[in-house]
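Please read the structure below before turning to the comments.
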Amino acid sequence: MCGITGWVSFDRDLTTEGTTLDAMTETMACRGPDDRGTWAQGPAALGHRRLAIIDLPGGRQPMSLDTAEGPVALVYSGEAYNFTELRRELQGRGHRFTTDSDTEVVLRGYLEWGDAVAERLNGMYAFAIWDGRHGRLVMIRDRMGIKPFYYQPTPDGVLFGSEPKAILAHPLARRRLALNGLRELFVLVKTPGQAIWDGMREVEPGTVVTVGRSGLSTRVYWRLRTRPHTDDRDTTIATVRSLLDDIVRRQLVADVPRCTLLSGGLDSSAMTAIAARQLGEQGEKVRSFAVDFVGQTDNFVADELRRTPDTPFVHDVAELAGTDHQDIVLDAQSLADPAVREQVIRARDLPAGFGDMDTSLLLLFRAIREKSTVALSGESADEVFGGYLQFFDEEARRADTFPWLVGMGRLMGDDAEVLRADLRTALDLEGYAADGYRTAVAVIDRLDGESDFEYRMRQMSHLHLTRFVRALLDRKDRMSMAVGLEVRVPFCDHRLVEYVYNAPWALKSFDGREKSLLREAAADVLPRSVYERVKSPYPSTQDPQYARALQEQAKELLSRPSHQVFDLVDRDRLRQAAEREEPVSTQAARRGLERALDLAQWLELYTPEVTLS
């Protein structure tokens, strides 16, 4: 896992632009603390920061090969979990390897198959190849969008990077945000290709972007397709388990310490238990880590989102699976620390708006990084198997919008309420979401004879897998890579995603509960308590001290009336939230405070030009 960046300028010789390339590369230092490298020849310059996972001495980058027609150079971030099989195939085709890294497999795979190498990879990846034989840059991103990848066209080429900060370090890039960028911040949708920063784009998941002297072209090599599902229940459950066993086994491969993220929910518990069984066969114990908050279990108050605290279920799994477990217990002061919030914003380049769920994730990953370099996560199982409340909410099922937006305001508050009234009107978030929804559902194929209900559930699954999960994957990647931790997501394996997506809803919820297929597929390794547990999302602190700290910080912000944040934030609404005397310990009650403080700190750190016209 690494950070990549680069610059192609067809009208210049970039071998003299080392200072600019170094500046872009160093913004990726957190993503790659183990090594750095740059490569430049003619119109192309590539930069790389490395987090060493596979073949520690041999996987240095940029990696290049000289051919009779010109050099081919690669910068690569991610993991190809099938690199061993691909390596054997390439050796059979005459390739001779000088390292044991998956990076060289990807590079030689490109030499053999061109950009069709993407279709042969199983993993998470974002990589760029300068093909000097044809004078073009080829950028490729994994199918589910696990690894981030941004680019910005220039008059004579392109800038690219794992994160916007790498591009923003270049003199040609402007720190500017227009209305659509702001809309993305306040509608939890993650529009494909939308990078929020003006002029910048994302390489979309499952896509190849090629840049040549004549311009830019894209090719979609994978998308979620509708196919008939003919397996019965028992076969489907057995297939899900077989896939999970293979996926976890592949994703446990590393030359550095590994662990799992364990929340006590069905997803992370199944993944941890399977990993523990597999490592146990080799005489190893799996390490597991969970986040908790001071006093949370003893003082827990159930609500519509979270009916039970995580810790008792975490401990049940750790005991049954025999993991080497550690709870990472966080206090309110750490969660509200402006220095931690600053690190979150720098990691994401934006005031992304997850509040204490962002800061706790960063602090959790920082603690884990002291003992492990690779972590397996249960992220995306809810999108794959249908685990969210909205899948069972009749209003959400009938709504002509993204289903998660239906209950979002009720459960977590309206993020946009903190904004000035004129800005809320200009943003027209409802209209923006409606436009995005129509675009999203237009590409979803329907099976012949599929009932209206089954097709609606297919739509809901597709929307979660192509719009909702990408925001969560981006969050997890940024928070983990900010501390040099590689987080792998087994439930995003495209084979599992394709198979379960096409299983009808009647199979996904055959017992009337969420994630029926996953529950039964992992039943033999789960404690009964977790098998019976109702879905509970990533935890949020209930400590009133956290809310009080936010209120004090908001009061301090209000004492600076000329602060640029008040071009965006409604001063009176913020004052009301800061001075509210009743408890503001719930997520919904805190949202305005968190949003305003995030925006203020982001404006101070990035000094962006915000265009509201």
Side-chain angles (χ1 to χ4, degrees), residues 229 231-244 262-274 300 302-310 312-314 316-317 320-321 377-399 403-404 406-408 410-411 450-465 468-469 472 490-492 496-497 499-539:
H229 184 88
D231 291 346
D232 62 17
R233 181 196 298 180
D234 289 345
T235 303
T236 301
I237 292 169
T239 302
V240 168
R241 178 53 180 270
S242 176
L243 282 168
L244 288 175
L262 179 58
S263 71
L266 178 60
D267 319 333
S268 65
S269 298
M271 178 266 302
T272 295
I274 291 171
F300 184 81
D303 58 27
E304 191 173 348
L305 270 178
R306 301 173 180 87
R307 302 184 191 179
T308 51
D310 286 347
F313 300 92
V314 166
D316 286 350
V317 175
L320 181 65
S377 165
E379 193 81 85
S380 82
D382 286 306
E383 290 80 5
V384 174
F385 289 97
Y388 291 116
L389 290 175
Q390 54 263 26
F391 282 101
F392 298 85
D393 183 334
E394 285 303 322
E395 183 184 358
R397 286 173 170 177
R398 294 192 303 268
W404 55 89
V406 173
M408 194 69 72
R410 181 180 72 249
L411 299 175
E450 192 168 38
S451 70
D452 289 345
F453 174 74
E454 279 289 349
Y455 181 54
R456 176 54 183 164
M457 299 313 295
R458 178 182 297 282
Q459 287 180 322
M460 291 180 71
S461 295
H462 195 284
L463 293 170
H464 280 82
L465 288 165
F468 190 74
V469 76
L472 301 183
F491 291 107
C492 276
L496 180 69
V497 171
Y499 184 76
V500 178
Y501 168 67
N502 281 299
W505 183 252
L507 262 182
K508 291 178 185 173
S509 60
F510 65 78
D511 59 1
R513 301 181 61 188
E514 77 278 5
K515 294 181 285 193
S516 307
L517 290 175
L518 177 57
R519 181 179 295 102
E520 291 306 315
D524 62 311
V525 294
L526 294 173
R528 196 68 192 178
S529 61
V530 172
Y531 179 90
E532 299 289 354
R533 191 184 185 194
V534 174
K535 160 70 183 172
S536 184
Y538 182 84

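L244 CG to M271 CE: the interatomic distance, rounded to the nearest 0.5 Å, is 10.5 Å. For the atom pair S536 OG and R307 CZ, the distance stands at 9.5 Å (nearest 0.5 Å). Taken to the nearest 0.5 Å, the CG atom of L526 stands 8.0 Å off from the CG atom of L320. Considering CH2 of W404 and CE of M460, their distance stands at 9.0 Å, rounded to 0.5 Å. Going from atom CD of E379 over to atom OG of S268 covers 10.5 Å, rounded to the nearest 0.5 Å.
Counting only distance, with no hydrogens or angles, the side chain of S380 and the backbone of E383 share no donor-acceptor pair below 3.5 Å. Under a 3.5 Å cut-off, the side chain of S242 and the backbone N or O of A238 do not form any donor-acceptor pair. For E454 (side chain) and A506 (main-chain N/O), a donor-acceptor pair under 3.5 Å exists by modelled atom type. A donor-acceptor pair under 3.5 Å links the side-chain atoms of S516 to the main chain of R513, judged by distance alone.
The shortest distance between side-chain heavy atoms of R519 and F385 does not fall below 4.5 Å. Residues L472 and Y538 fail the side-chain proximity criterion, which asks for heavy atoms closer than 4.5 Å. Counting heavy atoms from C-beta outward, S269 and R533 have side chains that stay 4.5 Å or more apart. Inter-residue side-chain proximity for V240 and Y499 is flagged as met; some heavy-atom pair is nearer than 4.5 Å. Put simply, the side chain of V525 reaches to within 4.5 Å of the side chain of R241, judged on heavy atoms. Put simply, the side chain of H464 reaches to within 4.5 Å of the side chain of P403, judged on heavy atoms. For the pair Q390 and V406, the minimum side-chain heavy-atom distance is 4.5 Å or more. Between R233 and L507 the shortest side-chain heavy-atom distance falls below 4.5 Å.
Residues that satisfy the ring pair (Phe, Tyr, Trp, His ring centres under 6.0 Å) test with Y455, not counting sequence neighbours, are absent from this structure. By the ring pair (Phe, Tyr, Trp, His ring centres under 6.0 Å) test, Y501 pairs with H462, sequence neighbours left out.
Contact detail for R397 and F453: the closest heavy-atom pair is NH1-CE1, 3.9 Å. Nearest approach of N502 to R458, heavy atoms of both residues: OD1-NH1, 3.1 Å. Between L518 and A381, the closest heavy-atom pair is CD2-CB, 4.3 Å. Across every non-hydrogen atom of Y531 and A523, the tightest pair is CE1-CB, 3.9 Å. Minimum interatomic distance between V317 and P527 (heavy atoms only, all atoms of both residues): CG2-CG, 3.9 Å. The two residues L496 and P490 come nearest to each other via the heavy atoms CD2-O, 4.5 Å.
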TODO: Report the C-alpha distance between K508 and F391 in whole Å, list the side-chain angles of each, state the deciding distance to 0.1 Å, and finish with yes or no for side chain to side chain contact (heavy atoms under 4.5 Å, CB included).
DONE: CA-CA 11 Å; K508 291 178 185 173; F391 282 101; over 6 Å; no
List the steps, then state whether side chain to side chain contact (heavy atoms under 4.5 Å, CB included) holds for R306 with F300. CA-CA 10 Å; R306 301 173 180 87; F300 184 81; 4.0 Å; yes
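With respect to F491, the side-chain contact (heavy atoms from CB on, under 4.5 Å) criterion is satisfied by exactly one of V500, D267, D382: D267.
Side-chain contact, Y388 with E514: no donor N or O sits under 3.5 Å from an acceptor N or O.
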